[in-house]
J.: 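The structure's right below; bear with me while I get my questions together.
Counting starts at 1 for both ligands and their atoms, following the listed order. Numbering of residues begins at 1 and proceeds along the displayed sequence.
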Amino acid sequence: MNRFDVNRLVRKNVSGLHPYTSARDDFSGEASVWLDANESPYPSGYNRYPDPWQRELKKVVSAVKGVPEEKLFIGNGSDEVLDLLFRAFCEPRLDNVVTIRPGYGMYQVLADVNDVQCRTADLNPDFSLDPEKVLSLTDDHTRLILLCSPNNPTGNALGPEAIEIILKNTGALVVVDEAYSDFSDKPGWLGKLSLFPNLVVVQTLSKAWGMAALRLGLGFAGEEIIRILNRIKPPYNVNLLSQQEAIKQLKQVQKTKEQIVLILQEKEEMRQALETMPGVKKVFPSDANFLLVEMKNATAVYEKLLREGIVVRNRSGILHCASCLRITIGTPEENERLLSELKNVLQQLQAWTPETTLIE
Ligand SMILES: *Cc1c(COP(=O)(O)O)cnc(C)c1O
């Protein structure tokens, strides 16, 4: 087992730099005259800069998630949290990251933007994770291992034993992106933070919590890692209105839980309906709020659905996902619409293109 040392991983320029200190870092007490930040003095509800450390929001998130505030980072969407991990730990053109395929496309984009090599380990055809394959792609310059569980676009949670093998056998940070964990009945990784110093858990308020437009991503890790992210983040990365609104929304735990239950019920109904539909070949197991569905001629189905005003995600070009659509679970009415249009479309395709009945 490699000994974990975060100081070995952090980029030299990051450990050496002097972070920007905002006016509100220098003074954050009570005052009646604020002439320190060149703001407009005229009240609009948002004429003052927001809290750079999102203290009030962090208290609420910390209580909801059961993780102390010192182990929490809040970003402008998870995309910002992930980008900051690249910028803090990956030396451009020298270091590398390892991720899985099929997986979330944003990791490759972030690697490209940061000029960092991105190596991909193929999942097994049943979308399970082979830890040895991931570890075999790592070397002394691997800084991040990016795993998404439940995985997008495949929908399955990755095996905890496999992730644990990776955590125990690398000196790199292992980032588990849990954007969909709110929909899964399998335990996530927040409870394991103190066991694995190289574990970083990323979550989002964009999915189950219904705040995609507010752009709020959560990073959970050991205090040292959080401190490093805090050194390089833009000072006011989470705006005031997002902080205020999230505090309100996070108090609606019951409503969110009920919505999750409804989405999961709808998911099972949609699975059953899809499985009996001629033209649907396979509905993959899902721990998320979407289904990956293999069907005859997915691209033609996708285009016909579009013409009816129904947008799903065509994942046909991706490894192990040939002729697959990824369908998000919507409201009962939306799901009904999707199913009835899909039935029509598959029937049309069946009737009009004789070769689809010959080529299985
Ligand atoms: C949707 C999603 C996110 C969320 O990104 P935000 O920037 O927080 O909206 C993160 N990771 C994965 C895998 C996702 O599918």
J.: As a check for students: among V81, D177, T204, identify the option with a heavy atom nearest to atom 10 (C) of ligand 1.
T.: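 Among V81, D177, T204, the closest heavy atom to atom 10 (C) of ligand 1 comes from D177.
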J.: Going by the order shown, which atoms of ligand 1 are within less than 4.0 Å of some heavy atom of S206?
T.: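 The atoms of ligand 1 under 4.0 Å from a heavy atom of S206 are 6 (P), 8 (O), 9 (O).
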J.: Compute whether any side-chain donor of one residue and acceptor of the other, for N239 and R215, lie under 3.5 angstrom apart.
T.: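 Result is no, nothing qualifies.
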J.: Hey, can you tell me if F290 and Y180 have their rings parallel, tilted or perpendicular (30° and 60° cut-offs)?
T.: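 Because their plane-to-plane angle is over 60°, the rings of F290 and Y180 count as perpendicular.
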J.: Which atoms of ligand 1 are found less than 4.0 Å from any heavy atom of G77?
T.: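 Counting from 1, the qualifying ligand atoms are 7 (O), 8 (O).
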J.: As an exercise, identify every atom of ligand 1 less than 4.0 angstrom from a heavy atom of D79.
T.: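 Listed by number with element, the hits are 7 (O).
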J.: In the protein, which heavy atom is nearest to atom 1 (C) of ligand 1, and how far is it?
T.: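 Ranking protein heavy atoms by distance from atom 1 (C) of ligand 1, first comes K207 NZ, 1.2 Å.
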J.: Below 3.5 angstrom, do we get any N/O pair linking Y107 and ligand 1?
T.: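 In fact, backbone or side chain, Y107 has no N or O that close.
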J.: When you measure from the heavy atoms of C148 to every atom of ligand 1, does any distance fall below 4.0 Å?
T.: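 Per 4.0 Å heavy-atom rule, C148 contacts ligand 1.
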J.: Using heavy atoms and a threshold below 4.0 Å, how should the contact between N152 and ligand 1 be classified: side chain, backbone, both, or neither?
T.: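 Side chain only; the backbone of N152 stays clear of ligand 1.
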J.: Could you go through D139 and R119, starting from their C-alpha distance and side-chain angles, then the distance that decides it, and tell me whether this counts as salt bridge (Lys or Arg N to Asp or Glu O under 4.0 Å)?
T.: CA-CA 11 Å; D139 60 25; R119 303 173 176 180; 3.1 Å; yes
J.: Kindly determine whether E80 and N237 satisfy side chain to side chain donor-acceptor pair (under 3.5 Å), including the steps that lead there.
T.: CA-CA 9 Å; E80 185 183 46; N237 60 325; 2.9 Å; yes
J.: What protein heavy atom lies closest to atom 15 (O) of ligand 1? Include the residue and the distance to one decimal.
T.: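 Protein heavy atom at minimum distance: Y180 OH, 2.6 Å.
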J.: Between N335 and E269, is any side-chain donor less than 3.5 angstrom from a side-chain acceptor?
T.: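 No, E269 and N335 have no side-chain donor paired with an acceptor closer than 3.5 Å.
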J.: Give the intermediate values and the outcome of side chain to side chain donor-acceptor pair (under 3.5 Å) for residues N344 and Q348.
T.: CA-CA 6 Å; N344 284 341; Q348 284 173 22; over 6 Å; no
J.: What are the atoms of ligand 1, with element, lying closer than 4.0 Å to any heavy atom of A179?
T.: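 Answer, ordered by atom number: 2 (C), 3 (C), 10 (C), 11 (N), 12 (C), 14 (C).
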J.: Which residue holds the protein heavy atom closest to atom 7 (O) of ligand 1, what is that atom called, and what is the gap in Å?
T.: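 Closest protein heavy atom to atom 7 (O) of ligand 1: R215 NH2, 2.6 Å.
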J.: Any chance you could lay out the side chain to side chain contact (heavy atoms under 4.5 Å, CB included) test for T99 and Q108, step after step, and finish with the verdict?
T.: CA-CA 8 Å; T99 186; Q108 177 74 56; 5.9 Å; no
J.: Atom 4 (C) of ligand 1: which protein heavy atom is closest, and how many Å away?
T.: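 For atom 4 (C) of ligand 1, the nearest protein heavy atom comes out as S78 OG, 3.5 Å.
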J.: Determine the minimum heavy-atom distance between L229 and A88, stating which atoms define it.
T.: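 Heavy-atom minimum between the residues: CD2-CB, 4.4 Å.
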